[in-house]
Amino acid sequence: MTDRALDGKVALVTGAGRGIGRVIALRLARDGASVVVHYSSSRAGADETVFEITANGGRAVAYQADIARREQVVAMFEKMDADPGRLDIVVNNSGVAAGGPLAELKDEDVEKIFGVNMLGPLYIASEAAKRMADNGRIINFSSTAAKYPGSGSGIYSAAKRAVESFTESWARELGARGITVNTIIPGATSPGMVDANPQARERFANASPFKRIGTAEEIAAAVAFLASNEASWVTGGHILANGAASL
Ligand SMILES: NC(=O)c1ccc[n+]([C@@H]2O[C@H](COP(=O)([O-])OP(=O)(O)OC[C@H]3O[C@@H](n4cnc5c(N)ncnc54)[C@H](OP(=O)(O)O)[C@@H]3O)[C@@H](O)[C@H]2O)c1
């Protein structure tokens with residue numbers, strides 16, 4: 001068996017029951033990592049991800065948590081302490097996009113969008129920082145919407161910009177332990193949240209000189225690089241993976 005880039009590492013991927021997170025989990029497992037497949041509501045998808053990883057000779061376990069609820073994040077990490085009992089890589093992939101006119105602001109939308117996109121990654125990273133091995137990796141997720149905040153998407157864009165600030169701060173805080181922290185900034189990507197909106201898919205495809213949207217495999221490839229030892233000097237950065245789309 002050949003040495004793979006992530007042999008011996010343990011990765012937590014949030015939102016790995018579907019969309020981009022599922023493809024990231026499969027990619028990190030292919031590179032040799034044991035994977036904690038986190039899910040919130042996609043239990044069947046998480047089980048399938050675990051099945052696919054183990055069927056290919058890898059190791060994976062699925063744990064549930066609503067990451068906007070700190071107590072659920074803490075409970076998940078307590079399970080992770082028992083199995084797999086180690087943590088090297090955190091991929092803060094979970095996210096929800098929603099929006100609407102300012103005049104129609106709803107408390108539940110504010111709570112959910114800031115909760116999942118901003119507080120969730122914070123709670124996850126806080127628990128991870130207590131346990132993570134030296135030379136670990138934290139990979140946060142922003143969005144091209146943070147670069148070009150559109151009408152009606154202010155809360156989502158603001159939450160993602162907050163994540164970019166977290167990245168810069170945590171990189172400085174955790175660097176003494178060799179831990180790197182970076183942000184991936186995807187553009188429209190399939191499979192993923194953009195699939196629900198064919199008009200947005202087309203608009204985003206036209207916004208890139210490639211005249212297409214990205215694939216989850218292309219995002220997973222960027223994550224795999226940041227997770228590897230090869231990326232030891234890349235930290236505090238924001239990697240645009242959006243086909244140079246400008247909106
Ligand atoms: N796809 C795109 O076009 C695109 C573009 C820019 C940025 N992004 C970013 O890329 C990341 C992945 O997006 P995606 O396209 O794969 O989205 P998606 O297909 O809509 O999946 C969203 C993921 O977030 C998880 N999630 C939702 N609510 C949660 C909660 N309360 N607690 C924990 N997890 C929760 C879901 O888990 P369950 O299904 O288990 O509930 C699901 O795995 C997100 O951060 C997103 O903002 C995506």
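For the numbers below, each heavy atom of this structure counts, side chains included, while hydrogens, waters and symmetry mates do not. Atoms within a ligand are numbered from 1 in the order they appear, just like the ligands themselves.
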### Non-hydrogen atom of His38 closer than 4.0 Å to ligand 1
yes
### Message
Starting from atom 1 (N) of ligand 1, what is the nearest protein heavy atom, named by residue and atom, and what distance separates them?
### Response
Thr189 O, 3.1 Å
### Task
Using distance alone, determine whether Ser40 and ligand 1 share an N or O pair under 3.5 Å.
yes
### Query
For atom 10 (O) of ligand 1, what is the nearest protein heavy atom, given as residue, atom name and distance?
Phe141 CD2, 3.5 Å
#### Entry: For atom 16 (O) of ligand 1, closest protein heavy-atom neighbour
Ile20 N, 2.8 Å
### Query
Quick one: does Arg18 get an N or O within less than 3.5 Å of an N or O on ligand 1?
yes
### Query
So, does Phe204 sit close enough to ligand 1 that a heavy atom of it is under 4.0 Å from the ligand?
no
#### Entry: Heavy-atom nearest neighbour of atom 26 (N) of ligand 1 within options Ala44, Ser94, Ala159
Ser94
### Query
Is the CD atom of Gln199 crowded by more than 12 outside heavy atoms at less than 6.0 Å?
no
### Query
Is it true that Gly120 lies under 4.0 Å from ligand 1, counting heavy atoms only?
no
### Task
Report yes if some N/O of Met193 lies less than 3.5 Å from some N/O of ligand 1; otherwise report no.
yes
### side chain to side chain contact (heavy atoms under 4.5 Å, CB included) partners for Ala133, two or more places apart
Arg86, Asp88
### Task
Indicate yes or no: does an N/O atom of Ala188 lie under 3.5 Å from an N/O atom of ligand 1?
no
### Element-labelled atoms of ligand 1 that are located less than 4.0 Å from some non-hydrogen atom of Val96
27 (C), 28 (N)
#### Entry: Donor-acceptor contact below 3.5 Å, side chain Arg131 vs main chain Glu127
yes
### Query
Counting both backbone and side chain atoms, is some N or O of Ser143 under 3.5 Å from an N or O of ligand 1?
no
### Query
Of the protein's non-hydrogen atoms, which lies at the shortest distance from atom 31 (N) of ligand 1, and what is that distance?
Asp66 OD1, 2.9 Å
### Query
Can a non-hydrogen atom of Ala65 be found less than 4.0 Å from any atom of ligand 1?
yes
### Message
Between ligand 1 and Gly21, is the shortest N or O to N or O distance under 3.5 Å?
### Response
no
### Task
Would you indicate which of Gly187, Gly192, Gly214 comes nearest to atom 4 (C) of ligand 1 when only heavy atoms are counted?
Gly187
### Query
If we only count N/O pairs under 3.5 Å, is Ser142 in contact with ligand 1?
no
### Query
Can you find a non-hydrogen atom of Arg43 under 4.0 Å from ligand 1?
no
